[in-house]
2 protein chains.
Amino acid sequence: MPRARSRRLDQVYGAIASPTRRAILTALAAGEVNVGRLARRFPVSFNAVSKHVKVLERAGLVSRSVRGREHWLRLRAEPLREASGWLARQRVFWDARLDALEVVLRDDAGGR
Amino acid sequence: MPRARSRRLDQVYGAIASPTRRAILTALAAGEVNVGRLARRFPVSFNAVSKHVKVLERAGLVSRSVRGREHWLRLRAEPLREASGWLARQRVFWDARLDALEVVLRDDAGGR
DNA sequence: TTATTATTCAACCGATTGGTAGAATATCGG
DNA sequence: CCGATATTCTACCAATCGGTTGAATAATAA
């Protein structure tokens, strides 16, 4: 795996490891929101939300367009696609291996 | 989302946010390995690897069976399946929304 | 029994994280 | 211009993280 891709994965998984940030993402899935309106929905300070947004932005999951004094946030799907891809590949890989292992174990138990 | 499920997601995404831990998982996909043999493959100390394994274990991604003085590690696929599910659902959801948005923008641009 | 091996546990360190509060900056509305 | 609003920036704090080293524990080998 190329270094850059790996770092991107680090950032994306790190970003979505926080329930607050996952909630922000799902909130953003309904459409563009500015930081203030977004922050009002969460039980933490405005500044905390602003920081979370920055983490999501660094991971490439959110983009920002400044209109006047408001900053409007929008989802970026591409990095999510990569992250989802790694997990999905691993999953099928594991499932195949674990299924195979189970067969071996079952046959082994039945055989003797 | 139930609290327990959310915490599990936190742990899984947190666990795979580290490249070393992702490498451990792919190493483990080839079959059971004990901690020592696993550690020899990585450029960090035995203890560091031992800690990483514990993180993966807490996330439910790895199980351990102690045989004599050796601890053998094995993948657990279930939590990965959940994690992959959340991402996949989000991805589909986003893609749909962003495609729709793109259509709106394109039509808008063409229409006037 | 005694050494050696496999592993965790405990303590420590520096960097990062998630939160706060307050100051600085820029835009909007009167 | 002046006050209110939207936001970031800076500084701080406690907690967690990723790493190290050294001691403790338990099983194997001599």
Side-chain angles (χ1 to χ4, degrees), chain A residues 3 6-28 31-75 83, chain B residues 3 6-28 31-75 83:
Chain A
R3 275 248 310 205
S6 176
R7 239 193 82 227
R8 169 50 54 95
L9 280 186
D10 300 354
Q11 290 175 319
V12 171
Y13 290 133
I16 65 178
S18 145
T20 303
R21 284 193 292 260
R22 283 201 302 280
I24 290 178
L25 290 178
T26 30
L28 250 47
E32 284 196 328
V33 189
N34 65 42
V35 183
R37 225 175 102 63
L38 180 65
R40 245 167 279 136
R41 301 204 216 168
F42 291 91
V44 292
S45 72
F46 182 98
N47 281 9
V49 172
S50 170
K51 272 194 182 182
H52 280 304
V53 168
K54 238 170 297 175
V55 172
L56 292 168
E57 225 180 339
R58 227 178 307 137
L61 290 162
V62 161
S63 72
R64 169 194 311 254
S65 92
V66 180
R67 299 182 205 144
R69 58 184 164 180
E70 296 174 344
H71 295 206
W72 291 81
L73 307 170
R74 190 200 283 207
L75 291 182
Chain B
R3 275 248 312 207
S6 175
R7 239 194 81 228
R8 169 49 55 93
L9 280 186
D10 300 354
Q11 290 176 320
V12 171
Y13 290 133
I16 65 178
S18 147
T20 303
R21 284 193 292 260
R22 283 200 303 279
I24 291 179
L25 291 178
T26 30
L28 251 45
E32 285 197 327
V33 190
N34 65 44
V35 183
R37 224 175 102 63
L38 180 66
R40 245 167 278 138
R41 299 206 218 167
F42 292 90
V44 293
S45 73
F46 181 99
N47 280 9
V49 172
S50 170
K51 273 194 182 182
H52 280 304
V53 168
K54 239 171 297 176
V55 172
L56 293 168
E57 226 181 337
R58 226 178 307 136
L61 290 162
V62 162
S63 72
R64 169 192 311 251
S65 91
V66 181
R67 300 182 204 142
R69 59 185 165 180
E70 296 174 343
H71 295 205
W72 291 81
L73 307 170
R74 189 199 284 206
L75 290 182

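Just the heavy atoms: all of them, side chains too, but no hydrogens, waters or symmetry mates, feed the values below. Chain letters run A, B, ... following the sequence lines, proteins first, then strands; residues in each count from 1.
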Looking at C:dG19, C:dT8, D:dT7, which one has an atom nearest to any side-chain atom of A:T20? C:dG19

Tell me whether A:R41 contacts the main-chain N or O of A:A27 through its side chain, where contact means a donor paired with an acceptor under 3.5 Å. no

Gap separating the CZ atom of A:R7 from the CZ atom of A:R3, nearest 0.5 angstrom: 8.0 Å

Nearest-Å distance, CG (B:D10) to P (C:dT17)? 16 Å

Under 4.0 Å, heavy atoms only, any strand: does A:N34 hit a base, just the sugar-phosphate, or nothing? sugar-phosphate

I need the single residue from A:R64, A:E70, A:R67 that forms a side chain to side chain contact (heavy atoms under 4.5 Å, CB included) with A:N34. Which is it? A:E70

Please round to the nearest 0.5 Å and tell me the distance separating atom CG of B:L38 and atom CD1 of B:I24. 5.0 Å

Measuring from B:L61:CG to B:L73:CG, what's the distance to the nearest 0.5 Å? 12.5 Å

Would you classify A:R21 as touching base, sugar-phosphate or nothing, given that sugar-phosphate means primed atoms plus P, OP1 and OP2, and contacts are heavy atoms under 4.0 Å? sugar-phosphate

To the nearest angstrom, the CG-P distance between A:L73 and D:dA6 comes to 14 Å

Starting from the 5' end of DNA chain D, give me the residue, A:H71 or B:V49, whose nearest nucleotide shows up first. A:H71

Among D:dC9, C:dT20, D:dT20, which nucleotide sits nearest the side chain of B:K51? D:dT20

Minimum heavy-atom distance B:A23-B:F42, with the two atoms named: CB-CE2, 3.5 Å

Starting from the C-alpha separation in whole Å, work towards a yes-or-no answer on side-chain contact (heavy atoms from CB on, under 4.5 Å) for A:L25 and A:V62. CA-CA 8 Å; A:L25 290 178; A:V62 161; 4.0 Å; yes

What is the distance from CZ of B:R58 to P of D:dG18, rounded to the nearest Å? 10 Å

What bend angle does the helix from C:dT1-D:dA30 to C:dG30-D:dC1 show across its length, from five-pair end axes and to the nearest 10 degrees? 10°

Check: A:R21 side chain, A:A15 main-chain N or O, donor-acceptor pair, under 3.5 Å: yes

From the candidates D:dT7, C:dT7, D:dT28, the one with an atom nearest any side-chain atom of B:R69 is D:dT28

With nearest nucleotide decided by heavy atoms, which residue, B:V35 or A:H52, maps closer to the 5′ end of DNA chain C? B:V35

Could you check how far CZ of A:R37 sits from C1' of D:dT5, rounded to whole Å? 16 Å

Interatomic distance where CG belongs to A:L38 and P belongs to D:dT8 [whole Å]: 11 Å

Would you indicate, yes or no, if D:dT20 has its OP1 or OP2 atom less than 4.0 angstrom from a side-chain nitrogen or oxygen of B:S45? yes

I want to check one thing: is the phosphate of C:dT7, taken as OP1 and OP2, less than 4.0 Å away from some side-chain N or O of B:S50? no

Could you check how far CD of A:E70 sits from C1' of D:dT5, rounded to whole Å? 9 Å

I need the CZ-C1' distance between A:R7 and C:dT16, as an integer number of Å. 15 Å

Return the 5'-most residue of the pair A:F46, B:K54 with respect to DNA chain C, ranking by each residue's nearest nucleotide. B:K54

Pair of N/O donor and acceptor under 3.5 Å linking D:dG22 base with B:N47 side chain: yes

